[in-house]
Amino acid sequence: MQKRQNFSRKRKAILDVLLSTEIHPTAEWIYQCLKPDYPDLSLGTVYRNLSRFKEEGIIVSVGVVNGQERFDAVVEEHEHFICEECGAVMDIKYQLLPDSIDQQLARSCGLQINSHSLIFYGVCSECQKSAKVSS
Ligand SMILES: [Zn+2]
Ligand SMILES: [Zn+2]
């Protein structure tokens with residue numbers, strides 16, 4: 001019983017970390033965040049919980065950046081920007097695509113569209129600034 005409670009406490013803590021940040025963290029980042037409060041937490045537990053959350057549809061995977069999977073607790077469809085310099089993953093907060101885009105594609109290609117994801121790659125404003133400073 002004790003063990004089980006402990007498990008769900010960690011599960012909640014992992015989800016809380018994801019919900020409290022917009023940086024689309026890696027499993028490693030979440031692990032480092034929780035380690036001071038949960039000294040017996042293992043990276044494997046974080047990975048296991050993240051993949052379970054994914055299966056449950058509570059979180060989504062944005063993609064792999066510099067070899068590490070990035071997670072998002074915002075599951076509503078939205079677009080992302082990934083900085084190729086620092087690896088930052090940001091939400092695009094503009095409505096870029098018409099709501100009807102899925103239906104348009106379905107109609108013109110005869111496909112059934114369930115969802116879509118769109119990622120832009122480039123250099124974020126912070127990295128552009130530091131490039132200017134150093135040159
Ligand atoms: Zn950057
Ligand atoms: Zn996002």
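Counting starts at 1 for both ligands and their atoms, in listed order. Numbers here simply count residues along the sequence, with the first being 1.
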State whether Glu22 contributes an N/O/S atom found under 2.8 Å from the Zn ion (ligand 2).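 No.
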Exceeds 12 heavy-atom contacts within 6.0 angstrom, atom [atom1] of [X]:
X: Gln112; atom1: CD; result: no
X: Gln32; atom1: CD; result: yes
X: Asn66; atom1: CG; result: no

Looking only at N, O or S atoms, which one in [X] sits nearest to the Zn ion (ligand 2)?
X: Asp72; value: OD2
X: His24; value: NE2
X: Asp91; value: OD1

| Looking at CD of Glu76 and OG of Ser115, how far apart are the two atoms once the value is rounded to the nearest 0.5 Å? |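 The CD atom of Glu76 sits 13.0 Å away from the OG atom of Ser115.
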Taken to the nearest 0.5 Å, the spacing of Ile30 CD1 from Leu34 CG works out to 7.5 Å
Looking at Glu79 and Lys93, does any basic side-chain N land under 4.0 Å from a carboxylate oxygen?
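Salt bridge flag = no for Lys93 with Glu79.
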Sort by chain and number the protein N/O/S atoms that are closer than 2.8 Å to the Zn ion (ligand 1), and list them.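 Near the Zn ion (ligand 1), below 2.8 Å, one finds Cys83 SG, Cys86 SG, Cys124 SG, Cys127 SG.
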Exercise. Scan for ring-ring contact (aromatic ring centres under 6.0 Å, His included) pairs involving residues 76-115, sequence neighbours excluded, and state none if there are none.
Key: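 Residue pairs passing ring-ring contact (aromatic ring centres under 6.0 Å, His included), neighbours aside: His24-His80, His78-His80.
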Do Phe71 and Thr26 make a side-chain contact, defined as non-hydrogen atoms from C-beta onward lying under 4.5 Å apart? no
